[in-house]
Amino acid sequence: MTISNRLDSYLTAQNISFQAIEHDHSASSFDSAITAKIPLNQIAKAVILKDHEDRKLMAVLPAKNKISLSVINDELFGSYKLLKEKEVYRMFSDCEHGAIPPVGEAFNMQMICDELLDQLDYVYIEAGDHRKLLRINNEDFKIMTANSKHLRFSNEVFH
């Protein structure tokens, strides 16, 4: 598998440039960072949530961090919870399991973005497989997240 078709179409339509970083097969964003020798705080991961009305939300945060549902629910006045893996796999059929590109608009989803990612010169994202990361500069990352709410909703997990 290569770059997700929907992600590729979105990046092309938005004229977002990227550099593809090939790496050995990995099982998660965390493993991708280690395999590709990229700092964990520079890899953005996607976590898919849903509320009591079954509305989906993509939360994008640094790979080394853990999501705080209580902060998200307080900030958005919602009742979001994690979407079951089986449902996530169905939504991202052109991606390998666990390699969801953190780009909500490419998948017609509302998105929130952790402010920690806004401060980086480069953000690395999963391409849809477990062998490639895309390096996006700050300017293009701002375009990708322009329609998202930006807030602080994650905390670092020490490994």
Side-chain angles (χ1 to χ4, degrees), residues 3-4 6-23 26 28-51 55-83 88 91-92 95 98-159:
I3 296 176
S4 154
R6 292 180 284 180
L7 176 62
D8 192 38
S9 295
Y10 170 81
L11 295 173
T12 300
Q14 297 298 315
N15 199 28
I16 292 174
S17 59
F18 61 86
Q19 178 185 3
I21 309 293
E22 302 278 339
H23 59 82
S26 63
S28 67
S29 296
F30 182 85
D31 289 341
S32 294
I34 292 169
T35 304
K37 296 178 176 66
I38 295 167
L40 282 169
N41 69 314
Q42 291 185 314
I43 302 228
K45 70 178 176 182
V47 176
I48 310 302
L49 309 172
K50 76 173 180 176
D51 69 6
R55 289 181 293 217
K56 309 296 188 293
L57 178 68
M58 180 182 285
V60 178
L61 60 151
K64 72 176 184 175
N65 287 20
K66 182 177 179 176
I67 194 167
S68 173
L69 289 175
S70 61
V71 170
I72 290 172
N73 287 326
D74 288 348
E75 290 285 333
L76 302 180
F77 306 104
S79 57
Y80 288 96
K81 60 183 180 179
L82 296 174
L83 191 64
V88 173
M91 289 176 63
F92 297 91
C95 300
I100 301 167
V103 185
E105 286 188 6
F107 300 92
N108 298 314
M109 294 185 72
Q110 291 290 316
M111 187 171 93
I112 58 171
C113 183
D114 195 295
E115 292 173 340
L116 292 170
L117 295 169
D118 298 334
Q119 303 165 16
L120 301 173
D121 292 332
Y122 294 96
V123 176
Y124 295 80
I125 66 171
E126 292 282 1
D129 64 11
H130 286 291
R131 292 188 176 275
K132 189 177 289 136
L133 292 170
L134 304 182
R135 181 180 185 227
I136 312 282
N137 67 37
N138 182 276
E139 186 178 308
D140 284 332
F141 187 73
K142 285 179 180 175
I143 293 168
M144 289 171 38
T145 61
N147 296 322
S148 304
K149 184 168 182 110
H150 295 250
L151 53 122
R152 181 72 193 273
F153 60 85
S154 71
N155 296 301
E156 186 173 347
V157 177
F158 296 97
H159 297 277

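Note that the coordinates shown come from a computational prediction; the quantities given were computed from them, not determined experimentally. The analysis underlying the following values was restricted to heavy atoms, covering all of them including side chains, and did not include hydrogens, waters or symmetry mates.
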Rounded to the nearest 0.5 Å, the CG atom of L76 sits from the CG atom of D51 at a distance of 10.0 Å
Rounded to the nearest 0.5 Å, the CG atom of N137 sits from the CD1 atom of I16 at a distance of 9.5 Å
The complete set of side-chain hydrogen bond (donor to acceptor under 3.5 Å, both in side chains) pairs with one or both residues in residues 12-21, sequence neighbours excluded, reads S17-D140, Q19-R135
Q.
Does E75 form a side chain to side chain contact (heavy atoms under 4.5 Å, CB included) with I112? I'd like the steps, not just the answer.
A. CA-CA 11 Å; E75 290 285 333; I112 58 171; over 6 Å; no
side-chain contact (heavy atoms from CB on, under 4.5 Å) with L61: of L116, V47, I43, only one passes, and it is V47
So the salt bridge (Lys or Arg N to Asp or Glu O under 4.0 Å) pairs with at least one residue in residues 33-50 (sequence neighbours excluded) are K50-D54, K50-E87
Heavy-atom nearest pair, A106 first then L7, reads CB-CA, 4.1 Å
Rounded to the nearest 0.5 Å, the CG atom of L57 sits from the CE atom of M109 at a distance of 6.5 Å
Closest non-hydrogen atoms of H23 and A36, given as atom of the first, atom of the second and distance, are CB-CB, 3.9 Å
(message) For a 4.5 angstrom cut-off between non-hydrogen side-chain atoms, does R55 reach Q110?
(response) no
Taken in chain and number order and not counting sequence neighbours, the residues that satisfy salt bridge (Lys or Arg N to Asp or Glu O under 4.0 Å) with R152 are D114
Tightest non-hydrogen contact, residues F153 and A59, listed as CE1-CB, 3.9 Å
| said: Using modelled atom types and a 3.5 Å cut-off, is there a donor and acceptor pairing between side-chain atoms of D121 and backbone atoms of N138? | reply: no
Taken in chain and number order and not counting sequence neighbours, the residues that satisfy side chain to side chain donor-acceptor pair (under 3.5 Å) with S79 are H52
One should read off an interatomic distance between L40 CG and N65 CG, to the nearest 0.5 angstrom, of 9.5 Å
Closest non-hydrogen atoms of P101 and A46, given as atom of the first, atom of the second and distance, are O-CB, 4.3 Å
CD1 of I136 to OG1 of T145, rounded to nearest 0.5 Å, is 11.0 Å
M111 and P102 have their tightest heavy-atom pair at SD-O, 3.8 Å
In short, ring-ring contact (aromatic ring centres under 6.0 Å, His included) pairs touching residues 105-151 with sequence neighbours left out are H25-H130, F92-F107
With sequence neighbours left out, the residues meeting side chain to side chain contact (heavy atoms under 4.5 Å, CB included) with N73 are L69, Y80
Review point. Does any non-hydrogen side-chain atom of I125 lie less than 4.5 Å from one of M144?
Key: yes
OG (S148) and CE (M58) are apart, to the nearest 0.5 Å, by 9.5 Å
P62 and S154 have their tightest heavy-atom pair at CD-OG, 4.0 Å
L133 and E126, any side-chain heavy atoms less than 4.5 Å apart = yes
Subject >> Within 6.0 angstrom of E139 CD, more than 12 heavy atoms from elsewhere >> reply: no
